[in-house]
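Here the structure comes first, spelled out in structure tokens, and everything after it is commentary.
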Amino acid sequence: VLLELAQKTFEVSNANHKAAVEKAQSQEISQRCALQFQVQKAEHLAAKDVDGTSDPYCLLAVVPSSQYVNLRHSKFTTVNTSVKESTLTPEWNENLELYIERNQIPNCSLQIQVWDCDEDSAASNGSYKKVKGVKGVGRYVKEVVSQSVMSEEKDDFMGFSSLPLSSIPSQGLERWFKLRSAHSLQKVTGRIKLHIEIHTIRSTQERERSEHKQYPVDVVLAGILTTAAETSFEEHLAKVLWNAVLPKQIDSIIQEFIGQHEIDPLTCAIVRWEVFSKIHLKSTHGIDILFIDGLLKELEAHSSDTKAVCAEKYTVDVLCESFYNFLRHESDKLARHREEFSTGKPDYVISLGSLLLCIKKLGGMSLYQLVRTINPTISGSSDVTDDVREALKRGTDAYYVDLYDTMLDESVEKEYDEEKASLYGALIKLADRIYRDMMLGHSIYHGVFFKILGIDYSAIVHDTVAHSFAKDAREAMYKVNKQLSVMEGAKFFLGVLINGGEVENLRSFVDWFRPTVLRWLQMSRGRTNSRLRKAVELDQVERVDEIVKHTSSALTFSNFLLYVVTFWRSLSWPDPVDAYTIALRLTDDMANALECYADLVHNKLKAVGFFDEEGQFDVTEELCLTLNNLQVVTSLIFNAFLSGLVSSFGILPKSITLQYVKSFIDSIPEKMNFKKVAETVGKSMFRLPDIRKYLRNFANEVTKGRAIRPLMKYLQDNTITLKEWLCEPNFKRILEVLWNESLQSLHRVALVDFVDRKPYFFYLYVLNHYLVEFFHADGFGISKEKLNSTDEYRLLESELKMRSAKTEDLIRLFYLQVCDQERITKSSYGYLNVFASYDELNDELQVDVISANELLPLDVNGLSDPFVTLRLAPKMSFNDNGMRQTLVEKKTVNPVFNEESFTFEVAKDLAQLEGMAIIFTVLDHDVLSANDLEGEAVLPL
């Protein structure tokens with residue numbers, strides 16, 4: 001195989017090839033070989049010095065067997081690395097070389113030994129390292145003893161490994177070698193990593209003949225590698241990516257050639273890049289991008305050796321053209337990324353990411369910047385991201401042209417009227433397709449481009465498409481009709497504008513429609529008010545059907561509002577400034593229409609005497625339907641107008657638009673007299689005198705079990721009527737009015753009219769068991785949270801609880817309120833730090849007083865003499881109710897109490913009651929007068 005490869009590489013005829021082989025076989029093979037290795041690093045070495053580290057170096061030699069040989073005292077030729085001080089993970093990265101005879105290869109081994117250098121040990125020169133730990137003391141004693149016994153053997157053995165020379169392939173090997181001990185009593189750990197190669201050394205005559213050859217060695221190397229790579233690539237058949245792995249026989253001859261001719265690593269890297277990059281560029285599927293990335297890493301690793309390059313052709317200069325061709329090839333692939341990395345291909349995201357990482361690596365290489373200075377025109381941009389951006393723009397232009405031609409070709413051959421409709425449809429379909437593709441590209445490709453190269457993929461694609469689409473749409477619109485109507489334009493914009501994008505290229509269309517839209521707004525406002533007046537005037541205040549609980553005027557207003565919002569959303573006005581202005585104009589028109597409708601409804605109710613303060617007025621279905629009309633209009637504004645109009649404000653801050661729109665929506669209840677109408681309905685149907693009458697009857701017969709039934713029947717009968725006539729929001733609104741009226745009546749009867757009647761817990765029972773449950777109605781009425789949150793309820797419940805409670809309960813209630821006040825009040829008298837815990841087994845409360853901070857200075861010296869007293873409250877609830885006291889801390893406002901721990905006997909059920917607390921009192925100790933109060937704190941149990 002190797003001979004055939006050589007013949008093909010140098011294009012030698014069969015006769016000449018045969019003669020050359022016979023001549024080579026007749027010549028004596030050189031017996032001299034070079035053993036080249038790179039000692040890279042070691043790890044997990046044993047500590048040999050007193051400070052827990054070592055000073056390792058590596059010693060290498062070729063020995064007759066694999067058994068241990070002390071290379072420091074042997075006759076064998078050795079080479080060694082430098083010493084790495086105070087480390088157990090040394091990194092050398094040093095290149096060493098040994099010369100051997102060919103006949104040594106079958107029977108000899110390479111022995112690798114690691115030693116700890118002790119040239120500067122404590123026993124030899126009096127300098128001491130810092131001893132660490134018990135093991136460090138042991139190492140120090142061992143070192144002193146060994147130095148005194150064997151003064152010549154200073155260095156410590158750390159392990160060895162051996163490798164038969166016959167196991168080293170011609171292409172070399174790189175691996176970790178585990179260190180072994182020389183005998184069983186030694187403790188050895190760690191391993192060492194080396195790269196090893198063997199090459200034949202040519203004789204002087206061979207070198208002279210080689211120097212007079214026609215071709216330089218780098219050209220010959222390129223020829224051998226090119227022939228080998230192309231042969232392997234053809235055998236691969238290239239239906240998928242080629243991993244560029246050469247057969248072992250071919251790789252062996254290439255490595256032997258490099259070693260014999262001592263070709264430097266940078267030249268080898270350049271040759272490999274030139275050969276494989278050309279195959280990658282000219283093939284359909286190319287070479288695996290990970291292999292290309294490895295070639296770039298190899299180039300960058302040896303880029304600092306440019307001065308040592310001895311090549312004649314394959315120098316750094318040749319990289320100018322190859323870098324340029326590679327970037328252009330990969331940029332073209334990125335331009336076709338929708339096909340090259342389509343979602344139907346396996347691992348398309350990983351493939352795209354690998355390519356971008358490879359391009360990023362190329363742009364960051366020092367060699368890339370160097371070749372740009374040599375020939376800046378041919379080597380591309382200084383920043384590879386510019387090449388990628390241009391590729392995306394170029395590819396997006398081509399994508400748009402293909403898409404445009406595909407969708408609009410059919411409309412060109414039709415008649416004018418048909419072409420007009422077809423062209424509209426084609427433009428709409430084109431915009432929809434572009435939008436879908438952009439969303440797909442954003443979800444798939446944008447993150448990859450942005451994370452690796454920082455390129456805003458979506459912005460580049462959108463700007464490119466928007467520019468092209470605006471140009472084509474403008475030409476198509478002029479071709480179809482230069483005088484478009486408003487509705488045609490509205491339908492067109494509904495389909496072609498891309499949501500949320502930059503539409504600066506479409507501003508010319510806005511000018512066509514702006515005057516018409518403004519005229520439509522002016523006409524709409526006037527016609528709306530007139531239609532509302534007619535609708536309210538003709539409204540018979542009858543249900544539309546048995547289910548709908550509002551009348552025709554509400555439907556008229558709703559249809560108008562939906563028409564305006566639907567038209568505006570369909571228009572999809574593209575200019576954000578105009579959209580904001582027109583939307584605010586629509587908001588003002590809506591406010592005007594609402595006020596007009598509210599005034600019309602209010603005046604109609606007023607005309608029939610609904611708001612008269614005198615005289616009898618009956619709540620009828622007519623009044624309830626009117627109230628429902630107001631609710632329907634309000635709900636429609638919140639659901640349709642607010643969401644539909646505000647969402648069209650474009651890119652302007654929504655906080656501004658929402659603030660403006662909500663400013664008049666929040667005023668709707670006042671403008672439409674909701675509160676006044678609802679209160680009037682509630683007070684008309686549920687009159688305070690009637691409720692109080694039933695409550696007075698209950699108070700007179702409080703001890704009878706059925707005394708509350710007349711009141712509950714009265715409430716139930718009237719709420720059934722309201723439930724039938726009112727819609728759900730209005731019904732709950734009336735319930736809230738009735739709830740407040742009932743609370744006021746109960747407060748009047750219980751705490752004013754019958755204040756001397758007892759017991760009060762009957763009133764509390766009526767409040768919480770009957771009234772709350774009635775208005776809650778198992779979740780169909782007012783929520784219990786809302787019922788219990790009203791000020792009237794909290795005030796009444798608190799008053800009734802207090803009046804019906806026992807003395808002990810009132811005391812606990814007092815301390816409970818004190819505890820609540822402690823939680824919400826920020827102290828200006830300082831802070832007390834305590835630790836409290838409860839022992840359930842022994843029923844004991846343990847309290848530790850720790851410290852206090854920022855106390856008030858109550859003595860003339862600007863300080864205090866604080867101490868703390870502790871007691872349980874309420875006092876009558878506890879058997880162990882004695883006071884505890886800490887020691888006095890002199891002259892401080894930030895005392896620290898030393899081991900002040902106190903124990904109280906407290907039953908568990910007692911500690912779980914509300915209002916049970918520990919009272920901490922901080923006092924300033926005075927000798928001649930009473931102690932001054934610093935402050936007090938309460939901790940609930």
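Since we're looking at a predicted model, the values are computed, not measured.
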### Query
Is any side-chain heavy atom of Tyr399 less than 4.5 Å from a side-chain heavy atom of Asp437?
yes
### Query
Are Val448 and Phe341 close enough, and set up right, to give a side chain to side chain contact (heavy atoms under 4.5 Å, CB included), and what steps lead you there?
CA-CA 12 Å; Val448 184; Phe341 307 100; over 6 Å; no
### Task
Determine whether Ser354 and Leu290 make a side-chain contact, defined as any pair of heavy atoms from C-beta on separated by less than 4.5 Å.
yes
### Task
Taking Lys360 for its side chain and Ile452 for its backbone only, find out whether a donor-acceptor pair lies under 3.5 Å.
yes
### Task
For the pair Leu392 and Ile455, evaluate side chain to side chain contact (heavy atoms under 4.5 Å, CB included) and give the outcome as yes or no after the intermediate values.
CA-CA 10 Å; Leu392 289 177; Ile455 294 177; 4.2 Å; yes
#### Entry: Shortest non-hydrogen contact between Thr385 and Leu453, atoms and distance
CG2-O, 3.8 Å
### Message
Can you tell me how far apart OG (Ser232) and CH2 (Trp242) are? Round to the nearest 0.5 Å.
### Response
5.5 Å
### Message
Using only atom types and a distance under 3.5 Å, with no angle test, would you say the side chain of Lys345 pairs donor to acceptor with the backbone of Glu340?
### Response
yes
### Query
Are any of the side-chain heavy atoms of Cys358 and Leu296 separated by less than 4.5 Å?
yes
### Message
Could you measure the distance from the SG atom of Cys596 to the CG atom of Leu532? Nearest 0.5 Å is fine.
### Response
5.5 Å
### Message
Tell me whether Arg336 at atom CZ has more than 12 heavy atoms from other residues, nucleotides or ligands lying less than 6.0 Å away.
### Response
yes
### Query
Sub-3.5 Å donor-acceptor pair from the side chain of Glu300 to the main-chain atoms of Ser366, do we have one?
yes
### Message
For Phe326 and Trp273, take the angle between the two ring planes, folded into 0 to 90°, and tell me which bin it lands in: parallel under 30, tilted 30 to 60, perpendicular over 60.
### Response
perpendicular
### Task
Could you tell me whether a side-chain N or O of Asp264 sits under 3.5 Å from a main-chain N or O of Thr267, the two making a donor and an acceptor?
yes
### Query
Should Asp332 and Arg394 be marked as a side chain to side chain contact (heavy atoms under 4.5 Å, CB included) after you check the CA-CA gap, both sets of side-chain angles, and the distance that decides it?
CA-CA 9 Å; Asp332 292 342; Arg394 187 171 66 252; 3.1 Å; yes
### Query
Are side-chain heavy atoms of Asn243 and Phe291 found at a separation under 4.5 Å?
no
### Query
In terms of the angle between their ring planes, are Tyr400 and Phe469 parallel, tilted or perpendicular, with boundaries placed at 30° and 60°?
perpendicular
### Query
What closest approach, in Å, do Gly363 and Gln369 show between heavy atoms, and which atom pair accounts for it?
O-NE2, 3.1 Å
### Query
Step by step, would you call Arg436 with Asp432 a salt bridge (charged side-chain N to carboxylate O under 4.0 Å, His left out)?
CA-CA 6 Å; Arg436 290 197 302 270; Asp432 289 340; 5.3 Å; no
### Query
Where is the tightest heavy-atom contact between Leu246 and Ala228, given as atom of each residue plus distance?
CD2-O, 4.0 Å
### Message
Just checking Lys313: does its NZ atom have more than 12 heavy atoms from other residues, nucleotides or ligands closer to it than 6.0 angstrom?
### Response
no
#### Entry: Value rounded to 0.5 Å, distance of OG in Ser322 from CZ in Phe276
14.0 Å
### Message
Just so I know, are the side chains of His442 and His462 near enough to count as touching, which here means a heavy-atom distance under 4.5 Å?
### Response
no
### Query
What distance do Lys429 atom NZ and Leu403 atom CG have between them, rounded to the nearest 0.5 Å?
12.5 Å
### Query
Charged N to carboxylate O below 4.0 Å: is that the case for Glu230 and Lys278?
no
### Query
How far does SG of Cys268 sit from CG of Leu299, to the nearest 0.5 angstrom?
11.0 Å
### Task
Work out which heavy atom in Ile270 is nearest to a heavy atom in Val316; give both atom names and the distance.
CD1-N, 4.0 Å
### Query
Is Asp397 salt-bridged to Lys393, cutoff N-O under 4.0 Å?
no
### For the student: nearest non-hydrogen atoms of Thr226 and Ala222, plus distance
OG1-O, 2.6 Å
### Task
Using modelled atom types only, decide if a donor and an acceptor are shared between the side chain of Ser468 and the backbone of Val465 within a distance under 3.5 Å.
no
### Task
Decide yes or no for Leu352 and Lys333: does some side-chain heavy atom of the first lie under 4.5 Å from some side-chain heavy atom of the second?
no
### Task
Kindly compute the distance separating OG1 (Thr406) from CZ (Arg433), expressed to the nearest 0.5 Å.
8.5 Å
### Task
Please assess Ile359 against Leu334 for the test side chain to side chain contact (heavy atoms under 4.5 Å, CB included), listing each intermediate value before the final yes or no.
CA-CA 11 Å; Ile359 293 176; Leu334 290 176; 3.8 Å; yes
### Task
Could you tell me which non-hydrogen atom of Ser303 sits nearest to which non-hydrogen atom of Leu367, and how far apart they are?
CB-CG, 3.7 Å
### Query
Going by the angle between their ring planes, with limits at 30° and 60°, are Tyr457 and Phe449 parallel, tilted or perpendicular?
parallel
### Message
For the backbone of Glu274 and the side chain of Tyr314, can you confirm whether one donor and one acceptor N or O come within less than 3.5 Å of each other?
### Response
no
### Query
Is there side-chain contact between Tyr445 and Val461, with heavy atoms separated by less than 4.5 Å?
no
### Message
Please check this pair: side chain of His446 against backbone of Ser458, looking for a donor-acceptor N/O pair closer than 3.5 Å.
### Response
yes
